[in-house]
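Written out below as C-alpha cells is the structure these notes cover.
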Amino acid sequence: MQSSANKKHAYTRTLDFKTGCVEMMHGSGGRAMAQLIDQLFMTAFDNDFLRQMNDQASFTSSGGRMVMATDSHVITPLFFPGGDIGCLSVHGTINDVVMAGAKPLYLSAGFILEEGLPLGDLKRIVESMAAAARVIPVPIITGDTKVVERGSGDGVFITTTGIGMIPENVFISSERAKPGDNILISGTIGDHGIAVMLAREDFAFQSSLESDTASLHDLVSVMVEAVPGIHVLRDPTRGGVAAALNEIAQQSGTGMMLFEERIPVKPAVSAACEFLGFDPMYVANEGKLIAVCAPEDTDKLLDTMRAHPLGCNAAVIGEIIADSHSFVQMKTRFGGTHVVDWLSGDQLPRIC
Amino acid sequence: MQSSANKKHAYTRTLDFKTGCVEMMHGSGGRAMAQLIDQLFMTAFDNDFLRQMNDQASFTSSGGRMVMATDSHVITPLFFPGGDIGCLSVHGTINDVVMAGAKPLYLSAGFILEEGLPLGDLKRIVESMAAAARVIPVPIITGDTKVVERGSGDGVFITTTGIGMIPENVFISSERAKPGDNILISGTIGDHGIAVMLAREDFAFQSSLESDTASLHDLVSVMVEAVPGIHVLRDPTRGGVAAALNEIAQQSGTGMMLFEERIPVKPAVSAACEFLGFDPMYVANEGKLIAVCAPEDTDKLLDTMRAHPLGCNAAVIGEIIADSHSFVQMKTRFGGTHVVDWLSGDQLPRIC
Amino acid sequence: MCLAIPAKVEQFTADDNAIVELSGIRKEISLALVDEVSPGDYVIVHAGYAIQKLDVEEAERTLALFEELYAQTGNFPDFPQTGTT
Amino acid sequence: MCLAIPAKVEQFTADDNAIVELSGIRKEISLALVDEVSPGDYVIVHAGYAIQKLDVEEAERTLALFEELYAQTGNFPDFPQTGTT
Amino acid sequence: MKYIEAFRDGRLARKIAGQTAKEADPRRHYYLMEFCGGHTHAISRYGIADLLPAHIHMIHGPGCPVCVLPMGRLENAIQLAQTPGVILCSYGDMLRIPTAKGNSLLKVKSRGADIRMIYSSSEALDIARQNPDKCIVFLAIGFETTTPPTAVVIKQAQKLGLSNFTVFCNHVLTPSAISHILLSPEIRQLGLVRLDGFIGPAHVSTVIGSRPYEYFVEEFQKPVVIAGFEPLDVIQAILMLVRQINEGRAEVENEFTRAVLPHGNIKAQKLVADVFELRRSFEWRGLGHVPYSALRIKSCFADFDAEQRFEIPALSLPDHKACECGAILRGVKHPRDCKIFGTVCTPDNPIGSCMVSSEGACAAYFRYGRFRDNQSQHEMAGH
Amino acid sequence: MKYIEAFRDGRLARKIAGQTAKEADPRRHYYLMEFCGGHTHAISRYGIADLLPAHIHMIHGPGCPVCVLPMGRLENAIQLAQTPGVILCSYGDMLRIPTAKGNSLLKVKSRGADIRMIYSSSEALDIARQNPDKCIVFLAIGFETTTPPTAVVIKQAQKLGLSNFTVFCNHVLTPSAISHILLSPEIRQLGLVRLDGFIGPAHVSTVIGSRPYEYFVEEFQKPVVIAGFEPLDVIQAILMLVRQINEGRAEVENEFTRAVLPHGNIKAQKLVADVFELRRSFEWRGLGHVPYSALRIKSCFADFDAEQRFEIPALSLPDHKACECGAILRGVKHPRDCKIFGTVCTPDNPIGSCMVSSEGACAAYFRYGRFRDNQSQHEMAGH
Ligand code: SF4
Ligand code: SF4
Ligand SMILES: [Mg+2]
Ligand SMILES: [Mg+2]
Ligand SMILES: [Mg+2]
Ligand SMILES: [Mg+2]
Ligand SMILES: [Mg+2]
Ligand SMILES: [Mg+2]
Ligand SMILES: [Mg+2]
Ligand SMILES: [Mg+2]
Ligand SMILES: [Mg+2]
Ligand SMILES: [Mg+2]
C-alpha cells in the first residue's frame, strides 16, 4: 500500500483555497479531481483505508449483528450557529447507527458539489466533518465526489453511510415499545431547527441559539451498558419529536400519552416558535434521542442519561399506552388533551 | 417485526403517480414523506431489512474481509438510451464493490429529489433501481429521502453505498500491478458517455447507441473463480479508460504501454467522437472493467471473459511496464507513440 | 387568526424600525403602525409590525383578577380523564 | 484548427438543413454554405455546417496514389522503439 | 416569555373552569361562538373543551382568513402565479389552500411558478426592489389586523415609485361577517343554530377597538366578550359570557384590556382609510356574498392594484361537492358531519380550506378532537 | 468511417515514411512548419514524428484560433460575460483560455456568469430567441473555416429582427498570418528560424481555395503543400515538401484534392464578404499587430456588432511574464524552452494559451511528446 505522502503528484500548483471555486473539472475524473481528492479529502480524512485508493475500501469484520444506515444531508445555510453541513453529515448518520445500540465502525461519504462553491468553504466543511468523525472515532473509509452545474445544486450535499456492530445482548427496535413503557427524551427539543431557521437572513432574527448537532454514540454506549434491555431508541430529526413518536407508535401498534409540562424546551426556542407560528414538537433536532424502556429500568436509564453531558436535561416525557389507533396524545400543561399528529406538509412560518 | 402490508396507514388517498410532482412536504418528515416511503420505496425495494423500519437496517455478518463502496449519481438526462439514473445508481456502486473481487451483500440508497420532479418519473427510476438490484440480487436495506427547492437540484440525485464480502483467496488491489502484467478490457469503450451525450437535445444527434450500464458482479465472479490471482480490477467510469489506467499506474508506481489497434471501440462511438472532438479513451463507461493479471494467467482470464455475455469483446490492450514517471503510453495504429494522460479539465465538445 | 405576540422594544433602528426581544430572541420589526413607543415598552407584534402597545398595568390587573378568583374559589371538578395517566 | 469531418448527406430537412450520417451517427446540419448537394453526397462538416463537398473521386485517387507508392517501395525503416513492446 | 406564559397557567385554568362549572346553569345549554380561528386554536391546542361542563358548547366561527378565501380568488392567485414574469408573494398560510381540483399555490410552485413565502409585507417590497425586471404581486389576505401592514407597503411603494409592485387585495372585515352570521336564515328564521354569545376577536380588536361591537350588541342582543388568544383569556371570557347570559345582559365586555382600547389603533385605522375603501360586496367562502365586508385599493393607488393592472376576472367557483366547509364556517355543521372528513380530506391532502390552517375547524378537530370520538367508539385494552 | 479511416492506415504510413526517409537528403536538415493546429494535433496524436528521420523538423505554427486570441480580447469577453443581463455563447474551446491572472470564461461561469457552450453558431441564435429579455453575445472566433457560419447567423438575425443578438467578432485570416511570420525579423534578418516549407491549411483551404497561396509562394519562394488533417495526408505532404525542396521548387501543391478546389467555396466567400470587412490591423497573440489580418462586422450590420453595442474598449494586455507562447507561435522557441512548462503550466492549470487547446504546441508536447525527453533523461528499470 502506498501512502498519500510519498506518492508523486502530477500537479505542482496546490489548490487555491483562498479564492478558488469548485469548477466542473473537479468532478470529471481528470487530474483536477484527483488533486481535489488528494489535497482535500485524503488530507482531512487521512486513514489507511482511504489510502488503499481503490474503488472500494476493505476492512475485516469479526462477524455478528451489524447495522447500516444512510442519510443525505441538504441544508441552507451550509454554516449555521453550532455547526455546519460537515459535522452534521457525520452526526446524522452516526446517530442512526447508534440508535440500534450499535458501536459505529466505518463511514462512507458522497459529495455533490455545486459549481461555484468556494473551495475555502468546502475545506471548512470537510475539516469539520473530519473532526466530527475523529472524536467518535470513526474513519471515513471511502467516498465519491460529483460536481453539478451552478443552479443544479445548492453548494454541497453530503450523503454518508455508516456501518456498526451491535453488542450481543442488545435488541433495540421500534416495534418493542409496549404499553406501560416509559418514554424518555435526552434534552431540550427544537434547538437545531430553530437555530437554522433563525440563521436565514430574510427573517431578520438574532439569537444566541445554537444547533444541538452532536454524535450520540457515547451517550448511547453508556445507556446500553446501564440498561441493555432498552426497547427503543430513535433520534427525533426531521418532523421533530412528533414524527419520531408517531413512527414508534405506528411500528409498535401502541399509543402514547405525553405530558407537556415535562418536555424540556428552551425559552428562546419557545419564543422563536411564538414568532413563527411553529410548534416545537415538529422542529428538527440533531443531537437528541428518544428512548423507550420498561418501567423498572426507567430510573436507572434516566440517571445514566442525566450523568452524561449530552443527556443532562433528560426527562421522562410520557408513557406507552395501548391504542389500536396508535394515537400519540398529549396532556397539556393547561389540563386538556390533544393528539400530537404527524406534521402535515411543511412547517411554514405563518401569520394566522 | 410488522410487515408493511398489514400496517394501518394514516392516509387514504394514494400517491398520484400520473400527474403528481415531488413537493417540499415529501421531505419534511411528516405524513407525506411517510407515504412516499411506504407507497414507493418500500413497495419497490420490498425486503425484510427495510421492513424493520428503524433508523438503520441490521443484518448478520459471518466475519471476514468486507468492502464498502459509495457513489453519488448525477446525470442529465435522467433517462438515456440503455438506462436511467435508477439502474445506473445500482451498477455504479455494485461495480465498485465487485472490483475488489467481492460478492455484493447489501445496498443503501440516499435520494435527493428536486421539488417539481414528476412522481411518475421517480417511480420509473425507483422501479428500475429495484429491478437492477433484484437481478444481482442485492437488497436495498436502508435509505433516506430529502427534497430540495426547485433550482437547488437536478431532478434526482442518488447516492448508493454497497457492502460486500471478499472470497478468502482473492487479493485484488491497484498497487499489485507489476511490470510484465497484461492489461485487459472487457469490451468496447465509451458507449455510456457517448450515448448520454448524444441524448442531449441541443446537439441534435440521432443514433442507436446505448449506454453499457450493467452490473459486473457475475462477470467478476467467474473471473475470480477462473483466476483468483487477478492483480487489479477497475471500472473505467468518469475520465474513461485513460483515468482508470493512470490511477493504476500511479498507485502501483508502474508505467503502461497500450496498443491502440487492440482497443475495442464501436464505429458509432468513434464517429460521434469525430463529430464532437472527443477521444474515446476519456469517455465514461458504466459496464466495463479493466483487469491486470500475470502473463501466465492472461489466456485463461481472457477466455473466461469472452465466454461471458458482458465480456464477449474482451481484449488484451497492453501491458504494465516499469516507469518511474508512471506514464501511460500508447502505440498508435499509425506506428507512433504518445502519452495517454489524465483528462485535463472537462471534455467539452470543440470545433478546433 | 392573526398570530401576534407581545415583545419588548429594545432599541430603535433605521426607517421607523426597532429591535424587539422575547426570551432572548431578537427581531427587527416595523413601528410604522404605532405612536409614542419607547424602549422598554411592550408591543404586540403581527407579521413583522407592532400593531398596538401592550398595557403592562392592565396585564397585571388581569392576572391579579385571575389570582383573586383562585383565592376565592374553593373546590372545582377534576380534570376529565383521558389515556392511562 | 477547424475540426471537420466528412459525412454522407441522407435527407434534406427544413430551413436548408440536412441529416448527415457517419457510421450510424446521424446529425442535423446546415447546408447554408454549400450549393447543389444531393442525398448520397459527402460533405465536410464543421461546427454544424457543411463547408464544402467531398469529391469522392479525388479521395479514391489520393488513396490509389498511396497504394501505388506502397507497391513501389521495397524496404523502409522500422518503427523507432519506445516502451517494452 | 413575559405576558404569554402567565396566561397559560393550568392551575388558574382549573380554578376558572371550576368557577364556570359552578356558575353555569345545569338546566340549560350555552352555545358560544368563538369567531376567531385564534380562539379555535387555543381551545383545541390546550384542550379547553376538556375543562368545560358538557352543557357549554363552543361553536367555531369563520374567523380564519385562509378558510374564508373563496375559490375564485384562490384560482385568480394561482393564475397570477403562473403568469410569466410574475413573482407572487404571500404568507405561508396561503400556500396550501386547495382548489376543488386539488391544485394549490404550493403545487404550482413545485411545477415552476415563482412563489415566495414571506413573513412580513415589507419582504414583498424588498423582493420588488431586488427584481426590477419582474412583476411582484403581493397576495394580501387577512382581517383588520393584517390590513394595516398592507397599507404601509402600498404607501411605501408609491413613495419609492416602485412600478413593478402590486397588491392583490383580499382583506376582509370582521364585524360585517359577524352580523351576516346572525342575519343568516339558519339563525334568524330556521333556528337551526342557536348562538347565545360571542367571544370577540383579540388582535382584530387591538386595531378596531371595542366600539364597533356596540352596534352589534344592541342590534342582535347577544353578549360579546373580547378576549386574548391565550387559554386563560379564553376560559375567562367563557365565564364572563356565562355570567352575562345568566344575568340576561348583552354587553360588550373586554377581557383583553392589556391590548384593546375602546377606540383601537387610530394611526393604523387612518392608514387603512387612506389606502383602502369598502367593496359593495365580497364573496366569503361559506358565507357567500356579504355586503360591505371587504376592502379594495382606492383609485389613487390604482397603479399598485393587481386587480386593475392584471385585469383579474371575477370568478365564482363552487367548492368540492362533498365539502361542508361552508356550513361549518356558518356554525351549522360540525367537521364530523362531513362525509369525507379524515378519510379523503386530511391535513396532508385537504379538500376544503377548513382542513388547511391549524385554525380551521376541520384541522383543529383532526389534530385535537378526533381521538375523543375514537375513544368513545372503541373500547381500548387496559382501560 | 468512410474517408476517415482509410487516411489513418499505419501500413501505408510506414511505406510513405520509408519513402520520405529514402528521399530526404541526409546531408541537410528540413525545417517544415505546419501552420495549422489540426496538423500539429495529427503529428502528436499519431506519433508521426516517430516515423520521420531525425533531420526532418516539424515546427508548430500559429494556426490555432484559441492560441492566437490576444489577452485583451479575452478580457473583453470575460467582462462581457459578467455584464448583468448578458448570456455569452461560445465554442467549448474558448472557455478554458486563461488570462495572465489565471481567470477564464469557465472560472467566471463557475462564479455565476451565464456562459453557454455551443457547438454551432445557430445554437446562439436559438438561445437569443428563447431568451428575449437577455442580451446574447456570440463570442465568434476562428479562421476562414469558422467565419462563414458566423456570417450566416448574422444574416439570419437581421432577417428575424432579433434585436437581442450580437456577435463579438474575432475572426482572423490565415494568409496574412503566414506572410507576417515570413516577414518577421527572426526569419528575414536574424536568421534565427529557418523555414524551408509549409504544410498549408486543410479546412481553411476548403473555403478559400488554393489560389491565395500562389502570391505567397512567389513572394517568399517557399513551397506550400495543402494537406488534409488525417495522418496519411500529413506524411504525404511532408514527402511532397521534401521533394519540392530537393528539386528547388517553390510551388503550391494540393494533397487535399478531395476537398480543396483552386477557387474554394465561392458561396461561403460571398456570404463572408456581405457581412464582414477587413480590419486595418489586429493583434494576434505571439505575432503582435498584424496588418489586414482580421475581419470586422460591416456597418450595415452594426446592430449585431457587440463591439459597437457594448462599446467594447480596446485592451492590450501583456501575457504572463514567464510564458513563451509568443515565441513558440512564431516558431522561434520550443515548449521545452519555457521555464514553467509542465510545472507551473500544465493542461490543468494552463498559464499560456498554447497549453489550452489540444492543438496548442505546449499541450501537444505535454500530452504526446514529453515522455520521449523523459525517457532519454532517465534510465528506466528493465530497459
Ligand atoms: S373535512 Fe372539512 S375541509 Fe375537509 S372536505 Fe370536509 S368540511 Fe371540507
Ligand atoms: S508552457 Fe507554453 S503555454 Fe505554458 S507558459 Fe510556457 S509557453 Fe506559455
Ligand atoms: Mg470505480
Ligand atoms: Mg438515515
Ligand atoms: Mg439520521
Ligand atoms: Mg466514485
Ligand atoms: Mg442554487
Ligand atoms: Mg434517525
Ligand atoms: Mg465509488
Ligand atoms: Mg462506481
Ligand atoms: Mg434519514
Ligand atoms: Mg435545475
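Note on naming: letters A, B, ... go to the chains in the order of the sequence lines (proteins, then strands), and numbering restarts at 1 for each one.
- Contacts between B:L198 and chain D at a heavy-atom distance below 4.5 Å involve the side chain alone, from C-beta outward.
- When all heavy atoms are compared, the tightest approach of D:L3 to B:R350 is CD2-O, 3.5 Å.
- Looking at D:I19, only its side chain comes within 4.5 Å of chain B, counting heavy atoms on both sides.
- D:S23 contributes atom OG, which lies 9.0 Å from atom CD of B:E274 (distance to the nearest 0.5 angstrom).
- Atoms CZ and OG, from D:R26 and B:S208 in turn, are 8.0 Å apart once rounded to the nearest 0.5 Å.
- The number of heavy atoms from other shown groups lying within 6.0 Å of NZ (B:K178) is above 12.
- In this structure, chain B has heavy atoms under 4.5 Å from both the backbone and the side chain of D:L22.
- If you measure heavy-atom distances from B:L258 to chain D, you find no contacts under 4.5 Å at all.
- The backbone N or O of B:A204 sits nowhere less than 3.5 Å from a side-chain atom of D:K27 that would complete a donor-acceptor pair.
- In this structure, B:A271 and D:I25 approach most closely via the heavy-atom pair CB-CG1, 3.9 Å.
- Comparing B:A268, B:G180, B:P179 by heavy-atom pairs within less than 4.5 Å of chain D, the highest count is held by B:A268.
- D:H46 approaches B:I351 most closely through the heavy-atom pair CE1-O, 3.5 Å.
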